[in-house]
Trainee: 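Pasting a structure below so you can have a look.
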Amino acid sequence: MKIAMIGTGYVGLVSGACFSDFGHDVICVDKDSSKIDALHAGKIPIYEPGLDELVASNVSAGRLRFTTELASALDGVDAVFIAVGTPSRRGDGHADLSYVYAVAEELAGALDHEAVVVTKSTVPVGTGDEVERILNEKGHGLTHSVGSNPEFLREGAAIGDFKRPDRIVIGVEDERAEKVLREIYRPLFLNEAPVLATRRRTAEMIKYAANAFLATKITFINEIADLCEAVGADVQDVARGIGLDNRIGKKFLNAGPGYGGSCFPKDTLALMKTAQDHDVPLRIVEATVQANDLRKRSMGRKIVHALGDDARGKRVAILGLTFKPNTDDMRDSPALAIVQTLLDAGAKVVAYDPEGMEIAAPMMPQVEMADSVYAAAEGADVVAIVTEWDAFRALDFGRLAQSVKQRILVDLRNIYRPEEVTRHGFQYIAIGTSAA
Ligand code: UDX
């Protein structure tokens with residue numbers, strides 16, 4: 001199949017590279033010439049494990065190309081995927097669809113044959129209808145098919161998620177779109193990945209419902225964690241105890257500082273707004289959004305509390321800034337609110353993150369960036385693990401004990417067992433347990 005992927009952001013680049021790896025002929029289009037130049041030079045603008053090799057091998061096999069020229073990229077394509085951003089609209093939290101509709105307008109003008117146009121960007125229910133209207137009203141009398149094919153990629157694990165998906169969701173209104181999408185994903189059917197073919201609006205809804213459910217699951221366990229602390233129970237055993245029930249499932253029950261990232265915060269907000277507009281308030285999602293927002297600052301206060309509720313002039317070492325490991329993404333990272341809370345309390349903050357410091361530094365100019373865990377911990381009154389990078393899972397506590405001023409470890413990701421830390425003379429404060 002000949003595929004054009006519009007947008008070389010996270011989703012577009014991973015999807016384009018994976019489609020080409022399936023053997024399709026893929027051309028990725030982006031208006032940003034610096035991105036395309038970088039890709040031509042073999043540089044990947046995002047941090048995603050394995051993506052550089054995947055891009056390089058498919059470029060050299062001649063199956064993956066990059067361009068800024070939309071019109072020539074559309075030459076003979078069977079399918080065009082729209083994978084541009086849908087950020088939260090300033091002021092009201094609705095998804096900003098201006099980039100998606102601008103692409104639809106351009107496609108209407110530039111497509112000289114009938115094709116299947118698919119939205120991969122996360123878009124509110126009904127967006128596909130509008131894309132179809134634009135294409136077919138302004139498209140030289142051609143009738144294009146419009147489908148929805150949401151992605152469920154986790155940053156840091158995106159290639160694996162793409163190639164071994166739990167499911168593929170295809171939302172279509174006609175047979176042509178279904179046929180083309182099934183053909184594109186045929187290599188995965190051979191791996192028996194379940195395919196759910198449904199109507200377009202339903203596919204759009206599935207994406208939001210999935211993310212809202214996962215965000216709710218995390219928020220649920222985070223609130224249970226707070227209660228565990230209050231009553232003297234252990235949230236990790238509670239998570240295991242409920243997760244072994246197949247109806248609940250073990251995944252996404254790790255209590256932590258609150259969810260962040262490019263999807264959950266934006267998508268929960270957009271879903272909430274759509275629901276309010278239709279007079280169908282989603283009270284559970286609203287509560288999730290509010291609880292998660294409050295949680296981030298409360299995690300900052302937890303660190304202040306570890307300092308005897310007086311952080312003024314104290315030195316806090318933050319380990320991990322990105323919203324999760326294996327990414328350099330700082331979008332809606334809990335670290336942003338945590339650091340701000342600490343600065344507000346008068347603390348001096350020093351941070352170390354294996355990949356995120358370059359992006360984080362301008363977002364938190366008052367924070368000193370250190371070049372290692374131990375440099376960050378030098379003279380610290382408290383060390384706090386905010387992101388569970390592998391590099392923090394086997395800390396040399398002997399060395400850490402020599403570096404810090406006070407031996408206090410706040411572990412917001414529960415990556416240690418208390419005795420591993422306390423035997424080195426550290427006070428250990430975790431999430432959802434009263435044991436210290
Ligand atoms: C998510 C969805 O998983 C993915 O399907 C969708 O396409 C995009 O959004 P991503 O944002 O990359 O992917 O990260 P994910 O691994 O899902 O984590 C999201 C946030 O939840 C992170 O801040 C993470 O730390 C937090 N989280 C996750 C928890 O706090 N506890 C958990 O048990 C799981």
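Below, each value reflects all heavy atoms present in this structure, side chains not excepted, and no hydrogens, waters or symmetry copies. Keep in mind the model is a prediction, meaning the values are calculated, not measured. Counting starts at 1 for both ligands and their atoms, following the listed order.
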Trainee: Among Phe323, Tyr259, Phe252, which one has a heavy atom closest to atom 17 (O) of ligand 1?
Mentor: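 Among Phe323, Tyr259, Phe252, the closest heavy atom to atom 17 (O) of ligand 1 belongs to Phe252.
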Trainee: Tell me the contacting part of Leu253 for ligand 1: side chain, backbone, both, or neither, using a 4.0 Å heavy-atom threshold, strictly below.
Mentor: backbone
Trainee: Answer yes or no: is there an ion pair linking Glu183 with Arg186, defined by an N-O contact shorter than 4.0 Å?
Mentor: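 Here Glu183 pairs with Arg186 in a salt bridge, since their nearest N and O are under 4.0 Å apart.
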Trainee: With the threshold set at 4.0 Å, does a side-chain nitrogen-carboxylate oxygen contact exist between Lys207 and Glu151?
Mentor: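 Here Lys207 pairs with Glu151 in a salt bridge, since their nearest N and O are under 4.0 Å apart.
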Trainee: Knowing that exactly one of Leu269, Ile218, Asp332 qualifies, which makes a side chain to side chain contact (heavy atoms under 4.5 Å, CB included) with Phe264?
Mentor: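 The residue from Leu269, Ile218, Asp332 that satisfies side chain to side chain contact (heavy atoms under 4.5 Å, CB included) with Phe264 turns out to be Ile218.
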Trainee: Starting from atom 12 (O) of ligand 1, find the nearest protein heavy-atom neighbour and note its residue, name and distance.
Mentor: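 For atom 12 (O) of ligand 1, the nearest protein heavy atom is Glu155 N, 2.6 Å.
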Trainee: Under 4.0 Å from a heavy atom of Leu153: give me the atoms of ligand 1 that qualify, with their elements.
Mentor: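 Near Leu153, meaning under 4.0 Å from one of its heavy atoms, ligand 1 has 4 (C), 6 (C), 7 (O), 8 (C), 13 (O).
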Trainee: Between Asp25 and Arg65, is there a side-chain N and carboxylate O pair less than 4.0 Å apart?
Mentor: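 Looking at Asp25 and Arg65, the cut-off is met.
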Trainee: Side chain to side chain contact (heavy atoms under 4.5 Å, CB included) with Val100: which of Ile134, Thr122, Val131, Ile6?
Mentor: Val131
Trainee: Regarding atom 10 (P) of ligand 1: of the candidates Arg413, Lys324, Lys207, which has the closest heavy atom?
Mentor: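 Residue with the shortest heavy-atom distance to the ligand atom: Lys324.
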Trainee: Check each atom of ligand 1 against the heavy atoms of Cys263 and keep those under 4.0 Å away; list them by number with element.
Mentor: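 Selected atoms, number and element: 8 (C), 9 (O).
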Trainee: Can you list the ligand 1 atoms lying under 4.0 Å from a non-hydrogen atom of Glu151?
Mentor: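 Counting atoms of ligand 1 from 1, those under 4.0 Å from Glu151 are 7 (O).
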Trainee: Mind checking whether Ile218 contacts ligand 1 via backbone (N, CA, C, O), side chain (CB onward), both or neither, at a 4.0 Å heavy-atom cut-off?
Mentor: side chain
Trainee: Check whether the side chains of Gln427 and Gln406 place a donor and an acceptor atom closer than 3.5 Å, and report yes or no.
Mentor: no
Trainee: Quick check: Gly261 and ligand 1, any N/O pair under 3.5 Å apart?
Mentor: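 In this structure, Gly261 places no N or O atom under 3.5 Å from an N or O of ligand 1.
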Trainee: If you measure from each heavy atom of Gly256 to ligand 1, is any distance below 4.0 Å?
Mentor: no
Trainee: Ion pair present between Arg133 and Glu130, side-chain N to carboxylate O less than 4.0 angstrom?
Mentor: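 Salt bridge between Arg133 and Glu130, a charged N being under 4.0 Å from a carboxylate O: yes.
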Trainee: Can you report which non-hydrogen protein atom sits closest to atom 3 (O) of ligand 1, along with the distance?
Mentor: Arg154 CG, 3.3 Å
Trainee: For Arg295, is there an ion pair with Asp226 - N to carboxylate O distance below 4.0 angstrom?
Mentor: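 Yes, charged N to carboxylate O under 4.0 Å.
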Trainee: Starting from atom 19 (C) of ligand 1, which protein heavy atom do you reach first, and at what distance in Å?
Mentor: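 Going by distance alone, atom 19 (C) of ligand 1 is nearest to Phe264 CE1, 3.5 Å.
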Trainee: Is the ring centre of Phe397 less than 6.0 Å from the ring centre of Tyr416?
Mentor: yes
Trainee: Among protein heavy atoms, which lies nearest atom 23 (O) of ligand 1, and at what distance?
Mentor: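 Closest protein heavy atom to atom 23 (O) of ligand 1: Gly260 N, 3.0 Å.
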Trainee: Tell me which protein heavy atom sits closest to atom 32 (C) of ligand 1, plus the residue, atom name and distance to 0.1 Å.
Mentor: Asn254 O, 3.7 Å
